[in-house]
> 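Structure in structure tokens, see below.
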Amino acid sequence: MILTNYHMHTNFSDGKADPEEYVKAAIAKGFVSIGFSEHGPTKFRKHWELLPEKTGEYFAEIARLKDKYSSDIEIYCGLELDFLPGIKNNDFYEHDIDYRIGSVHYFFDEEDIYGVDCNFEEFRKTIFDYFSGDVKKMVGEFYSRVIRMVEKFRPEIIGHFDLIKINNFNRQFFDEEEAWYREEVMKVLEYISGKGTMLDVNTGGITRGYLTEPYPSAWALKEAARLKIPVTLNSDAHRPEHIDGNFSPVTRILKDAGYKEKMILKKGIWQAAEL
Ligand SMILES: [Zn+2]
Ligand SMILES: [Zn+2]
């Protein structure tokens with residue numbers, strides 16, 4: 001397998017090591033191409049985000065590493081950007097970077113945010129305080145934001161497509177097999193099909209112990225394969241030792257879903273490589 005990973009967080013946002021540590025780990029494991037994707041700044045200035053005053057330093061450090069290790073590995077600079085409806089200062093194209101991962105991590109009102117990518121208690125608050133207990137409404141709003149994000153910003157990659165399942169262990173809020181849920185997922189997959197937008201097949205939830213399946217779930221990957229939606233394979237690593245976390249079992253899932261290729265960045269161009 002050609003080893004690549006375009007979803008990684010360092011201590012410029014909520015990761016646990018310097019970017020150079022990830023580069024060294026990637027070279028040691030035989031990676032050919034990697035990309036950093038810090039959480040882009042938002043008006044909320046949350047602890048997991050790259051602060052606006054640090055963006056210059058982040059870009060400079062990745063450029064330095066790109067140059068320093070150019071004979072060993074290709075290094076790219078990306079951002080994972082939050083889709084926040086109506087917020088102008090989160091323009092996906094504000095910075096000259098190699099690629100963008102567009103993600104929906106939370107909902108928000110005037111005061112604060114209501115998490116999706118959060119612990120169980122906060123997730124319950126999102127359902128009960130923000131959506132008045134209406135799980136279908138929450139799921140529908142989540143996926144409709146993914147569609148609106150692609151419509152408006154066309155990020156190269158959609159981050160952890162079905163993150164809404166993160167706290168759904170034991171199917172306590174919804175069942176992915178139910179028709180209404182599948183319809184919501186299919187609306188997005190059908191919308192993005194043919195647009196060139198790639199899915200972030202993300203092993204992070206498995207590696208961190210929340211999930212037994214990647215984002216997106218195996219059944220959704222089968223549908224995505226049928227719709228010929230390109231994929232990247234990423235670990236959403238927050239520490240260097242996780243750069244290839246669960247790549248083997250998830251590659252198996254991808255192949256079983258019908259995928260033969262994943263997309264990789266080579267010489268600055270996205271191209272297909274055998275899985
Ligand atoms: Zn994310
Ligand atoms: Zn991430």
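Read the numbers this way: they start at 1 and go in the same order the structure lists the ligands and their atoms. Remember, it's a predicted structure, so these values are computed and weren't measured experimentally.
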> Which residues satisfy the side chain to side chain donor-acceptor pair (under 3.5 Å) test with Lys187, sequence neighbours excluded?
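Glu184.
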> Restricting to N, O or S atoms of His105, which is nearest to the Zn ion (ligand 1)?
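Of all N, O or S atoms in His105, the Zn ion (ligand 1) lies closest to NE2.
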> Start with the C-alpha distance between Thr10 and Lys16, add both sets of side-chain angles, then the distance that settles side-chain hydrogen bond (donor to acceptor under 3.5 Å, both in side chains), and finish with yes or no.
CA-CA 6 Å; Thr10 75; Lys16 303 289 181 247; over 6 Å; no
> Using 0.5 Å steps for rounding, measure from the CG atom of Asp98 to the OH atom of Tyr76.
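Here the interatomic distance stands at 7.0 Å.
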> Is there a donor in the side chain of Asp82 and an acceptor in the side chain of Thr42, or the other way round, less than 3.5 Å apart?
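No.
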> Take the Zn ion (ligand 2) as the centre and count protein N, O or S atoms at distances under 2.8 Å.
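The number of such protein atoms is 4.
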> Applying side chain to side chain contact (heavy atoms under 4.5 Å, CB included) between Val188 and each of Asp162, Val150, Ile229, Ile147, report the one that passes.
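In the set Asp162, Val150, Ile229, Ile147, the residue that makes a side chain to side chain contact (heavy atoms under 4.5 Å, CB included) with Val188 is Ile147.
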> Is the Tyr210-Phe169 ring centre distance short of 6.0 angstrom?
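Distance test on ring centres: not under 6.0 Å, no.
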